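Atom set for the values below is all heavy atoms of this structure, side chains included, hydrogens, waters and symmetry mates excluded. None of these values were measured; they are calculated from a predicted model.
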Amino acid sequence: QVQLVESGGGSVQAGNSLTLTCVNSGGVFELYDVGWHRQAPGKTRELVGEITSDGISLIGESVKGRVMVSRDNTKNSVTLRMNALEKEDSAVYYCNAHRKGLTRNYEYWGQGTQVTVSS
């Protein structure tokens, strides 16, 4: 079974960059579309970026131009790189993996990692 663990969160100053990593410890990772979502207090969870099993990147509108998502299936990992961080990027960032099966869909979430951007 897929088990996702995020790392790389923390406190960072506005204008700097941050790299988050999601590592899977089970399942056939390369079959999954893997993405990063974030949720700030009082706000709904939103997509930051996703990379499909075919390697196609989808980037959320609010961060377009500042975010890159990549994957390394040999390491069972997906990386999110965010540049030019803003205070509004402060949130808990969650890794998500999903795929369609023959009889059901599969979806897994990590525990999340906190990112705090200060001015």
Side-chain angles (χ1 to χ4, degrees):
Q1 181 171 326
V2 170
Q3 290 185 309
L4 306 173
V5 178
E6 304 98 336
S7 63
S11 297
V12 62
Q13 285 196 319
N16 287 351
S17 299
L18 187 71
T19 298
L20 303 178
T21 301
C22 174
V23 176
N24 168 45
S25 61
V28 185
F29 197 50
E30 54 262 36
L31 297 179
Y32 288 80
D33 298 341
V34 183
W36 288 91
H37 298 245
R38 68 185 183 185
Q39 188 165 20
K43 295 189 177 181
T44 57
R45 193 172 292 192
E46 66 169 346
L47 173 71
V48 179
E50 179 175 283
I51 185 163
T52 69
S53 58
D54 295 329
I56 298 171
S57 295
L58 307 169
I59 305 299
E61 285 296 322
S62 65
V63 295
K64 205 163 266 188
R66 300 192 292 121
V67 163
M68 186 172 68
V69 184
S70 59
R71 69 189 299 161
D72 185 344
N73 290 331
T74 66
K75 297 181 180 179
N76 281 339
S77 68
V78 169
T79 297
L80 175 74
R81 173 77 174 177
M82 295 185 65
N83 299 317
L85 285 163
E86 305 166 354
K87 288 190 71 175
E88 291 72 25
D89 293 319
S90 296
V92 179
Y93 285 69
Y94 298 92
C95 183
N96 168 269
H98 62 95
R99 72 176 181 90
K100 292 182 180 180
L102 292 177
T103 58
R104 54 161 284 193
N105 296 331
Y106 297 84
E107 184 172 37
Y108 303 93
W109 291 90
Q111 292 296 310
T113 184
Q114 177 71 48
V115 172
T116 303
V117 182
S118 58
S119 57

Scanning both residues in full, the closest heavy-atom pair of S17 with A84 reads OG-N, 4.3 Å
Side-chain touch N105/E107, heavy atoms, less than 4.5 angstrom:
no
Using a 3.5 Å distance criterion without hydrogens, assess whether the side chain of R66 forms a donor-acceptor pair with backbone atoms of M82.
no
Once rounded to the nearest 0.5 Å, what's the spacing between atom CD of E50 and atom NE2 of H98?
3.5 Å
Minimum heavy-atom distance between S119 and A14, given as atom pair plus value
CA-CB, 4.3 Å
Among the clusters formed by ILVMFWY side chains lying less than 4.5 Å apart, do M68 and V63 turn up in the same one?
no
Same apolar cluster (I L V M F W Y, side chains within < 4.5 Å links), V28/V78:
yes
Please answer: with hydrophobic residues joined when any side-chain heavy atoms are less than 4.5 Å apart, are W36 and V23 in the same cluster?
no
Say you draw a straight line from NZ of K87 to OG of S118; how long is it, rounded to the nearest 0.5 Å?
8.0 Å
Residues A91 and R38: closest non-hydrogen pair is CB-CB, 3.9 Å
Quick one: CG on L80 to NE2 on H37, what's the gap to the nearest 0.5 Å?
11.0 Å
Is F29 reachable from Y106 through a run of I, L, V, M, F, W or Y residues, each pair having side-chain heavy atoms under 4.5 Å apart?
yes
State, with a plain yes or no, whether a side-chain heavy atom of E46 is found less than 4.5 Å away from one of S62.
yes
Scan N16, L85, L18 and name whichever one has a side-chain contact (heavy atoms from CB on, under 4.5 Å) with V117.
L85
Group every Ile, Leu, Val, Met, Phe, Trp and Tyr by side-chain heavy-atom contacts under 4.5 Å, then state whether L31 and Y108 land in the same group.
yes
Residue pair A40 / S90: nearest heavy atoms and the distance that separates them
CB-O, 3.6 Å
Q3 CD: over 12 foreign heavy atoms closer than 6.0 Å
no
Answer yes or no: is there a side-chain heavy-atom contact under 4.5 Å between C95 and V34?
yes
Would you kindly say whether D33 and T52 are connected by a side-chain donor-acceptor distance under 3.5 Å?
no
So which heavy atom on V69 is nearest to which on S57, and how close?
O-OG, 3.5 Å
Are the side chain of E6 and the backbone N or O of C22 linked by a donor-acceptor pair below 3.5 Å?
no
To the nearest 0.5 angstrom, please state how far the CG atom of D72 sits from the OG1 atom of T79.
8.0 Å
NZ on K75 to CG on N24, rounded to 0.5 Å
15.5 Å
Who clusters with V92? Use side-chain heavy atoms, under 4.5 angstrom, across I, L, V, M, F, W and Y, and order the result by chain and number.
Y94, W109
Interatomic distance, N76 atom CG to Y32 atom OH [nearest 0.5 angstrom]:
11.5 Å
